[in-house]
There are 4 protein chains.
Amino acid sequence: MTPAETSATAAARRHDPDVRGFASDNYAGVHPEVLAAIALANNGHQVSYGEDVYTEHLQEVFQAHFGPRAQAFPVFNGTGANVVALQAVTERWEAVICAETAHIHVDECGAPEKMGGLKLLTVPTEAGKLTPELIDRQAWGWGDQHRSQPRVVSIAESTELGTVYTADELAEICRHAHDHGMLVHLDGSRLANAAASLGVPMRALSTDVGVDIMSFGGTKNGLMFGEAVVVLNPDVVRGVEYVRKMSMQLGSKMRFMSVQFEALLAGDLWLRNASHANAMAARLSAAVADIPGVELTRPAQSNAVFAILPREATERLQKRFRFYTWNEGTGEVRWMTSFDTTEADIDTFAAAVREELA
Amino acid sequence: MTPAETSATAAARRHDPDVRGFASDNYAGVHPEVLAAIALANNGHQVSYGEDVYTEHLQEVFQAHFGPRAQAFPVFNGTGANVVALQAVTERWEAVICAETAHIHVDECGAPEKMGGLKLLTVPTEAGKLTPELIDRQAWGWGDQHRSQPRVVSIAESTELGTVYTADELAEICRHAHDHGMLVHLDGSRLANAAASLGVPMRALSTDVGVDIMSFGGTKNGLMFGEAVVVLNPDVVRGVEYVRKMSMQLGSKMRFMSVQFEALLAGDLWLRNASHANAMAARLSAAVADIPGVELTRPAQSNAVFAILPREATERLQKRFRFYTWNEGTGEVRWMTSFDTTEADIDTFAAAVREELA
Amino acid sequence: MTPAETSATAAARRHDPDVRGFASDNYAGVHPEVLAAIALANNGHQVSYGEDVYTEHLQEVFQAHFGPRAQAFPVFNGTGANVVALQAVTERWEAVICAETAHIHVDECGAPEKMGGLKLLTVPTEAGKLTPELIDRQAWGWGDQHRSQPRVVSIAESTELGTVYTADELAEICRHAHDHGMLVHLDGSRLANAAASLGVPMRALSTDVGVDIMSFGGTKNGLMFGEAVVVLNPDVVRGVEYVRKMSMQLGSKMRFMSVQFEALLAGDLWLRNASHANAMAARLSAAVADIPGVELTRPAQSNAVFAILPREATERLQKRFRFYTWNEGTGEVRWMTSFDTTEADIDTFAAAVREELA
Amino acid sequence: MTPAETSATAAARRHDPDVRGFASDNYAGVHPEVLAAIALANNGHQVSYGEDVYTEHLQEVFQAHFGPRAQAFPVFNGTGANVVALQAVTERWEAVICAETAHIHVDECGAPEKMGGLKLLTVPTEAGKLTPELIDRQAWGWGDQHRSQPRVVSIAESTELGTVYTADELAEICRHAHDHGMLVHLDGSRLANAAASLGVPMRALSTDVGVDIMSFGGTKNGLMFGEAVVVLNPDVVRGVEYVRKMSMQLGSKMRFMSVQFEALLAGDLWLRNASHANAMAARLSAAVADIPGVELTRPAQSNAVFAILPREATERLQKRFRFYTWNEGTGEVRWMTSFDTTEADIDTFAAAVREELA
């Protein structure tokens with residue numbers, strides 16, 4: 001037994017490697033190809049803070065997906081990506097329009113406000129998706145010194161509710177925003193799932209529709225850690241490098257972030273992982289659709305299934321499988337799949353749902 | 001060739017694994033035992049955001065080093081650790097006293113001020129080390145509403161200048177701070193090097209002398225990424241979990257941070273790595289001490305060697321080896337060693353110095 | 001002609017002293033008794049920054065209204081009062097629940113977020129008034145590190161929509177907030193109008209119902225400038241003096257703020273002014289109620305009248321009198337009265353409304 | 001007795017209008033011509049928040065002094081003026097170079113950092129005055145993402161230490177800053193005193209030497225309250241209106257701020273007040289210069305006299321007259337004069353100094 005095995009065993013012994021649940025796609029580990037890429041990069045010295053050859057090469061990798069103007073800035077996590085990106089396209093007095101279910105509003109402990117000094121102007125939506133009409137509820141008051149000036153529309157693809165915008169819907173939002181002098185930020189922590197769902201390249205949902213800046217997610221699609229701020233329209237973005245550093249998002253051994261993205265994006269791993277997770281969600285959706293007492297509440301367009309079932313059934317199921325109640329009020333639950341979910345996982349779980357509702 | 005090798009090869013091909021320099025300890029990669037531990041943890045699902053078994057176990061690991069009251073909160077990087085830790089021990093209107101050479105003042109792009117709203121009160125020092133007398137230059141004005149209230153003394157062990165405080169010096173600083181109602185934050189991004197240098201356990205330089213909260217470094221001592229905010233005196237600290245999240249420092253797949261720390265700290269890897277890096281610095285210091293034209297400017301107490309040499313010699317050397325000029329004014333350079341520096345690296349470099357100065 | 005008359009005449013000549021409108025109570029000037037009090041205080045020297053005898057005496061004045069524990073901190077304006085008060089009762093990671101029509105949300109250019117780092121959690125309301133049920137839509141998630149922790153319920157009395165909470169309604173809100181470990185902030189920029197409307201002392205709507213901290217308004221009730229942060233429950237408030245200074249709200253010649261409040265509050269000027277403004281709103285409401293085409297949209301409970309009338313009529317009226325369209329969508333307008341509105345002003349205006357709608 | 005007299009008497013009775021001291025120029029009240037101007041403006045309604053005729057006219061008043069491109073934005077106090085001005089000329093990641101004795105650094109409770117997110121880079125100076133050489137100690141590191149980017153040089157005229165820059169010295173600083181791509185902010189809370197001291201118009205020390213933006217002081221020169229952010233180079237300034245509002249510095253009844261500035265600046269009141277205060281400082285300096293035991297420490301170039309005298313003498317004097325010890329270490333005291341200081345005040349005080357030192 002090597003020293004590493006010894007020292008790491010204490011915790012690993014408490015960890016059953018065969019248990020997988022449906023709580024979140026970030027409960028999964030690292031895809032083996034990503035881990036292998038990390039190991040390949042672990043030799044000798046590389047300049048720190050992003051001047052390494054992996055990060056240099058990463059620009060080509062991102063440009064192959066998002067066009068020749070794309071610039072990628074690896075950061076640590078999704079909250080970091082969002083707050084860095086939004087600061088880089090706003091003046092101090094500007095505001096961001098988003099859905100009231102947006103991750104930046106409900107899941108980041110106030111980071112946009114507290115770290116970025118960003119005012120969020122929220123809008124209620126049907127299923128996490130903004131429209132020009134919904135944006136207009138907050139898009140007003142330019143020139144009025146009393147109103148934090150709306151400058152960015154922030155949308156997520158796919159959304160927090162597992163829904164997916166079509167390319168046309170995104171284009172319409174971008175056109176509307178630009179017509180009003182606003183920019184568009186896309187929270188793409190699950191952009192790969194949306195692209196896989198729609199069967200289009202990722203640029204069809206970002207660069208091509210007019211998105212200005214993007215948070216691109218890797219962690220939920222098989223990386224160990226790492227997201228990227230991706231500038232799509234460099235004309236409207238200022239100071240990303242400084243904002244990243246002052247926002248505590250500059251990694252020193254950045255090669256290990258960049259090589260993960262290379263492993264994900266240089267080939268088709270991003271698509272394989274996302275398609276698989278989506279397929280598992282579809283399989284689950286299909287498997288439980290006809291169970292009496294299960295009401296599917298939203299279309300399973302990416303890697304999440306939302307359903308309402310009786311609370312007691314939920315409680316019994318949660319003793320056997322890990323997943324979250326999404327809405328305490330209605331009893332709606334969320335089941336997420338990931339790149340490592342197996343067909344057997346789905347079948348076992350669907351059988352358990354059927355059992356607990358019998 | 002596996003798909004991972006294929007996809008990651010593009011950048012890796014530009015990367016010569018045999019090149020190592022003296023620019024920074026974060027130019028090095030990951031220690032093999034750490035990478036092995038990561039691989040061990042990469043199975044099945046673990047609860048995200050720190051409720052995994054690795055992070056749970058990590059508390060015992062840190063407590064073995066820093067005493068039973070220690071609480072460890074993994075974060076992404078050193079700037080994040082510093083800004084989270086300082087926020088957790090200050091009210092909005094309070095200030096931090098530090099050396100004018102402190103990392104938080106000169107190397108974090110204003111993160112303490114811009115993200116934490118922290119006022120830094122700086123003091124010039126001899127070699128990066130504060131003393132009670134130096135602290136007193138800024139420790140005044142309590143109760144005066146016009147003065148941001150001094151609340152924390154922030155010191156680094158080892159310092160940015162490679163110097164090391166003795167345990168007695170640290171105890172004196174802590175006593176002085178506490179006598180004035182202030183707390184002590186220790187930037188321990190290289191605490192292992194200091195402990196190795198002094199031949200004492202790390203708690204002798206932190207818990208035992210009265211440090212209240214600490215940024216504990218892993219990246220510079222062989223981890224891939226990851227630092228930890230370590231609370232040593234829980235009585236004076238509030239809300240670390242929330243501050244960490246709102247400061248964009250909460251990792252989702254935290255098991256991969258925690259297991260690295262376990263690999264480093266459960267056995268003696270921390271000490272082996274730090275001792276080796278220190279020994280390489282000492283070897284370098286000894287090897288160049290008698291070279292005419294080389295003036296060693298500070299004692300090599302940890303893993304850094306500072307020297308002044310003629311600018312032309314520096315320029316020629318920098319074409320062959322990567323390292324930084326520390327002070328443009330005096331021509332002082334910094335040579336850093338790391339866990340992976342070899343004796344041959346030192347001997348080759350020392351020979352080159354001798355050659356360029358001949 | 002004295003030099004002062006000369007120098008100030010240039011602008012004053014453009015100013016018709018007989019024109020009064022219905023746009024806002026802050027279009028009015030200073031009540032003559034307040035101006036007289038300022039002149040009385042303008043002699044010799046007084047210690048600056050609040051250690052003057054006027055500010056010292058002011059504590060007694062406020063305590064006579066709000067009870068023996070009340071502490072008053074004069075600040076410059078209402079936004080300042082709100083942002084200082086809210087910072088003084090929150091940790092960095094905490095959030096404030098308010099109506100989506102709250103002044104702090106819609107009219108302060110993001111000051112709470114951008115200066116105070118405060119996350120606002122908004123709720124749609126019927127007429128600007130929160131209820132326990134509405135509060136509960138945002139009052140959840142304590143202990144969840146991803147959620148900015150709800151800590152304060154902020155209400156306005158009277159509200160932005162001119163409605164007034166009864167003492168019972170306020171007590172119920174305070175009880176509900178306290179039961180959930182939250183505090184209550186009252187934006188009392190028009191508290192005098194509410195008290196006059198209900199015929200109760202101001203403490204019946206603040207101290208007695210359990211409000212913890214208050215922004216108390218003077219400017220809209222006849223002062224030249226000045227609001228006050230009034231601490232009602234000192235046990236839950238920290239560092240107001242420092243927060244006030246660092247929030248740029250500490251006046252140097254504070255005697256001139258304090259003596260204005262003394263003029264307002266030591267006698268019954270606060271009540272005379274507020275009652276008069278309210279009476280003028282009631283007179284206006286009554287005078288236009290039966291005009292065909294005028295739909296009164298809210299009860300005139302304080303000094304504002306809200307009505308919907310045909311847009312062309314509004315446009316014609318706005319050429320003759322200054323007032324604001326409140327809701328561009330519905331055509332709802334707001335008519336505000338102030339301490340200096342005369343019965344003739346009302347009658348003239350009501351006649352004009354009748355005329356334009358004929 | 002009118003109601004106003006009654007209500008305001010309580011505090012006024014504790015106020016001896018004949019007592020004047022030497023603590024600060026903001027211990028003084030309001031100049032009678034300013035108060036008269038306020039009364040003149042107190043009629044009828046004016047649009048709030050700066051759209052009144054007084055504020056409109058104020059632009060001409062400021063342009064007469066500072067040139068046709070000058071734009072004045074009244075704010076409440078000096079800290080507000082500084083923090084608004086500095087935000088309006090910096091990106092989020094930029095820094096401000098200033099003397100370590102600067103008001104923004106030592107006397108604003110961290111407002112620049114905590115409200116503006118501004119990093120201050122301080123330099124020790126001889127007598128509060130920067131020079132190109134001193135600026136260069138912090139003016140470096142552009143393009144380095146780890147360094148908050150130096151963007152503004154902030155100087156004060158006159159300085160916190162009562163010293164005065166010549167026009168040539170200011171021009172040299174501005175040229176140096178501009179040559180390095182930096183801007184110049186002038187804290188002109190006592191600009192009138194400097195201009196009076198040098199016998200030049202104020203624009204000779206601001207617009208004409210290349211200052212980009214200025215905090216212009218009124219309170220210390222006879223106003224009740226009010227400073228102004230004055231933009232001198234509109235090309236480099238963004239969003240002042242929004243920054244002012246979000247920084248809680250937008251007054252509603254702004255006519256009462258603007259008319260004060262008009263009273264001060266439309267004629268020569270600014271100069272009469274400043275010249276008088278300066279003359280009184282010179283008279284005091286002369287009167288005590290030969291007293292054994294009094295060491296004048298700085299030239300009395302504006303309205304402050306600095307001296308070292310024996311501590312016991314200081315303590316005895318402070319029982320009779322109010323003034324501050326400036327430096328506890330050396331025993332240096334500061335005596336300030338103001339527009340209302342009389343020759344008799346000076347003579348009485350000088351006699352007392354002589355007496356206590358006898």
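Below, chain A is the first sequence line, B the second, and so on; all start at residue 1.
Proximity to chain C (any heavy atom under 4.5 Å) is restricted, for D/Gln87, to the side chain, taken from C-beta onward. Only the side chain of D/Ser338 has a heavy atom closer than 4.5 Å to any heavy atom of chain C. The contact between D/Val19 and chain C is made entirely by backbone atoms, counting heavy-atom distances below 4.5 Å. Only the side chain of C/Glu60 comes within contact range of chain D, with heavy atoms under 4.5 Å apart. Looking at D/Asp268, neither its backbone nor its side chain comes within 4.5 Å of chain C, counting heavy atoms on both sides. At a 4.5 Å heavy-atom cutoff, the contact between D/Phe256 and chain C is made by side-chain atoms alone. In this structure, chain C has a heavy atom under 4.5 Å from the backbone of D/Ala41, while its side chain stays farther away. Looking at D/Glu51, the atoms closer than 4.5 Å to chain C (heavy atoms on both sides) all sit in the side chain, from C-beta outward. If you measure heavy-atom distances from C/Asp345 to chain D, you find no contacts under 4.5 Å at all. For D/Leu223, the part sitting under 4.5 Å from any heavy atom of chain C is the backbone (N, CA, C, O) and nothing else. Using a 4.5 Å cut-off between heavy atoms, D/Ala39 contacts chain C through both its backbone and its side chain. Contact of D/Asn42 with chain C is made through the side chain alone, with heavy-atom distances under 4.5 Å.
Without hydrogens or angle criteria, D/Asn77 side chain to C/Ser252 main chain gives no donor-acceptor distance under 3.5 Å. In this structure, C/Lys253 contributes its side chain and D/Gly29 its backbone to a donor-acceptor pair below 3.5 Å. Looking only at distances, a side-chain donor or acceptor of C/His15 sits under 3.5 Å from a matching main-chain atom of D/Asn43.
At least one side-chain heavy atom of C/Gln249 sits under 4.5 Å from a side-chain heavy atom of D/Gln249. A heavy-atom distance below 4.5 Å is found between the side chains of C/Glu56 and D/Arg14. At least one side-chain heavy atom of C/Met246 sits less than 4.5 Å from a side-chain heavy atom of D/Met115. The closest side-chain heavy-atom distance from C/Tyr49 to D/Asn26 is below 4.5 Å.
Here the CZ-CD distance, from C/Arg20 to D/Gln46, works out to 13.0 Å after rounding to the nearest 0.5 Å. Within the model, atoms NZ of C/Lys114 and CE of D/Met248 stand 13.0 Å from one another, a figure rounded to the nearest 0.5 Å. Atoms NZ and OG1, on C/Lys245 and D/Thr79 in that order, are 3.0 Å from each other to the nearest 0.5 Å.
Taking all atoms of both residues into account, the shortest heavy-atom contact from C/Cys109 to D/Tyr242 is SG-O, 3.8 Å. Closest of all the heavy-atom pairs between C/Ala11 and D/Tyr54 is CB-CD2, 3.4 Å.
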Ring pair (Phe, Tyr, Trp, His ring centres under 6.0 Å) evaluation trace for D/Phe225 with C/Phe225
CA-CA 10 Å; D/Phe225 71 109; C/Phe225 70 110; 3.5 Å; yes
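When the candidates C/Gly21, C/Ala28, C/Gly117 are compared by the number of heavy-atom contacts under 4.5 Å with chain D, C/Ala28 comes out ahead. When each of C/Gly110, C/Ser247, C/Pro112 is checked for heavy-atom pairs under 4.5 Å with chain D, C/Ser247 comes out on top. Ranked by heavy-atom pairs under 4.5 Å with chain C, the list D/Ser258, D/Ala81, D/Gly251, D/Ala111 is led by D/Ala111. Comparing C/Gly116, C/Gly78, C/Ser24, C/Gly80 by heavy-atom pairs within less than 4.5 Å of chain D, the highest count is held by C/Gly80.
At a cut-off of 3.5 Å, with distance as the only test, a side-chain donor of C/His45 or D/Asp340 sits close to an acceptor on the other residue.
Taking C/Arg255 as the reference, nothing meets the side chain to side chain donor-acceptor pair (under 3.5 Å) condition, with sequence neighbours excluded.
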